[in-house]
> 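Pasting in a structure now, in structure tokens, and then I'll have a few things to ask.
Just so it is clear, the model here is predicted, and its values are computed rather than measured. Convention: sequence-line order gives letters A, B, ...; per-chain numbering from 1.
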Amino acid sequence: MLPPSIQPHASGHIIEQIEMAKKIQEAGLAYESNGSLYFDVKKYNQNHNYGILSGRNLDEVIANTRSLDGQDEKRDQVDFALWKKASPEHIMRWKSPWSDGFPGWHMECSAMSTKYLGENFDIHGGGMDLKFPHHESEIAQSVAANGSNPVKYWMHNNMVTINGQKMGKSLGNFITLQQFFTGEHSLLEKKYDPMTIRFFMLQAHYRSTLDFSNEALQAAEKGWNKLLNTVRLLPSIKSSETSGADISALISGGFEALDDDFNTPVLIAQLFEATRLVNLANDGKMTLTASDIQNLKTFFEDTLFTILGLTDSFSASNPMENVTDGLINLILEMRLEARKNKDWAASDKLRDQLKALRILVKDSKEGSTWEWDLN
RNA sequence: GGUCUCUUGGCCGAGUGGCUAGGCACUGGUCUGCAAAACCAUCUACUCCGGUUCGAAUCCGGAAGAGACCUCCA
């Protein structure tokens with residue numbers, strides 16, 4: 001996952017926001033009232049479509065808007081502020097043509113996205129709860145100021161629920177990412193690796209609600225480790241002359257899923273299918289050609305790591321890694337020696353002590369290997 | 001109250017007319033000094049009622065349940 005190139009602050013772009021509000025006013029789609037500037041939604045709607053994004057009908061919105069106190073400044077309930085005059089006790093305040101005050105809350109997105117991405121850009125993300133009125137108003141502002149709909153594709157991700165219930169501070173079931181990582185929350189049975197959380201979320205489509213539960217999280221953890229194992233296993237698979245599986249179909253299936261509104265669950269299903277084939281090949285029950293193996297490696301690299309932004313936490317470059325590897329392998333050799341002598345007490349002791357250090361020993365016919373014990 | 005969305009097997013979760021998604025758990029098997037891990041196999045669901053169709057989880061109507069938005073602030 002790449003860090004953003006820029007993380008602009010709204011308070012650092014007051015001038016841009018004022019300029020944009022001016023343009024809207026010059027276009028005749030805003031009016032001043034008592035030092036504040038409001039967007040004239042009804043007038044805008046005569047020639048444009050306010051509701052194009054959220055699928056709302058303006059008349060219905062108006063009919064259903066409750067009247068609130070202290071909104072006499074607005075000509076209509078649906079109008080929204082482009083600039084708000086600051087009350088005397090308000091701390092945030094800047095000079096503007098209309099008053100000392102602050103920008104309306106939709107302005108920052110429009111002004112900053114225009115500045116850094118241009119009047120038209122490809123993708124705008126955000127939570128579904130922002131679709132209306134925030135994003136709807138953003139479109140209206142940009143159309144009014146720049147004359148065109150700014151965004152090609154909107155990606156609205158859905159809400160997260162916990163045990164079927166909406167996650168919310170007022171409900172007391174709110175869990176922060178930090179708490180997931182440390183496990184310090186009454187609803188969490190254990191701590192979860194950041195990559196587990198990320199993988200878990202990618203197993204559902206971004207437009208669907210996603211339900212957190214310990215059971216679901218632990219299922220994701222196991223599945224994620226299974227995929228990682230495949231990535232580690234891939235380089236040691238022996239190639240054959242002929243192929244027993246249609247790898248290219250598998251791979252293109254994965255990319256087609258991504259092209260279809262970023263359907264990550266289907267991509268992941270393809271990766272699990274690849275995992276099955278690789279494991280079969282590892283057991284000598286499936287044949288893969290050298291190019292199959294190379295293509296699968298590239299497939300895992302491109303999708304899991306580059307596109308989905310997952311990383312193999314424990315193989316991330318770490319100066320101590322080689323030392324750790326060496327030390328543990330040394331201990332495993334000693335244990336092997338003990339086992340040859342049928343000194344099970346010593347063998348079990350080494351295994352148990354390593355487990356206490358979160359190092360899980362796995363015995364097989366070929367010898368012993370180890371991995372970090374995530375539990 | 002209005003608008004909109006959702007309801008899939010033990011759990012999570014894809015899927016817009018016919019062709020088994022996938023993961024986890026369960027169960028069986030392989031491996032194994034024991035255990036664990038790993039691997040393989042298996043498990044065939046679509047809230048309810050009615051309709052359209054040769055055929056529906058998928059389309060239409062109705063019911064029930066769940067959720068989002070509809071106000072300030074971001």
> What is the nucleic acid contact for A:Gln270, judged by heavy atoms within less than 4.0 Å: base, sugar-phosphate only, or nothing?
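Nothing, no heavy atom under 4.0 Å.
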> Would you mind telling me which of A:Lys131, A:His135, A:His124, A:Arg207 makes a side-chain hydrogen bond (donor to acceptor under 3.5 Å, both in side chains) with A:His156?
A:His135
> Whether A:Asp193 and A:Arg198 form a salt bridge (side-chain N of Lys/Arg under 4.0 Å from carboxylate O of Asp/Glu) is what I want to check.
no
> When you measure from the centre of the six-membered ring of A:Phe102, is the NZ or CZ of A:Arg93 closer than 6.0 Å and no more than 45° off the axis?
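No; the conditions do not both hold, so A:Arg93 does not lie above the ring face of A:Phe102.
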> May I ask you to say what A:Ser54 touches in the nucleic acid, namely base, sugar-phosphate or nothing, with a heavy-atom cut-off under 4.0 Å?
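Contact class for A:Ser54: none.
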> Of A:Gln218, A:Gln179, A:Glu221, which is the lone residue that meets side-chain hydrogen bond (donor to acceptor under 3.5 Å, both in side chains) with A:Tyr192?
A:Gln218
> Stacking here means centres under 5.5 Å and planes under 30°; does A:Phe272 stack on B:G23?
no
> Under 4.0 Å between any heavy atoms, over every strand shown, what does A:Leu271 touch: base, sugar-phosphate, or nothing? Just pick one.
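Nothing, no heavy atom under 4.0 Å.
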> So A:Arg276, base contact, sugar-phosphate only, or nothing? Heavy-atom distance under 4.0 Å.
sugar-phosphate
> How would you label the contact of A:Leu210 with the nucleic acid (heavy atoms, under 4.0 Å): base, sugar-phosphate, or nothing?
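Sugar-phosphate contact only.
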> May I ask you to say what A:Asp348 touches in the nucleic acid, namely base, sugar-phosphate or nothing, with a heavy-atom cut-off under 4.0 Å?
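Base contact.
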> Report which part of the nucleic acid A:Ala216 touches: base, sugar-phosphate, or nothing (heavy-atom distance under 4.0 Å, all strands).
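Sugar-phosphate, no base atom in range.
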> Which of the following nucleotides, B:A14, B:C70, B:C12, is nearest to the side chain of A:Phe132?
B:C70
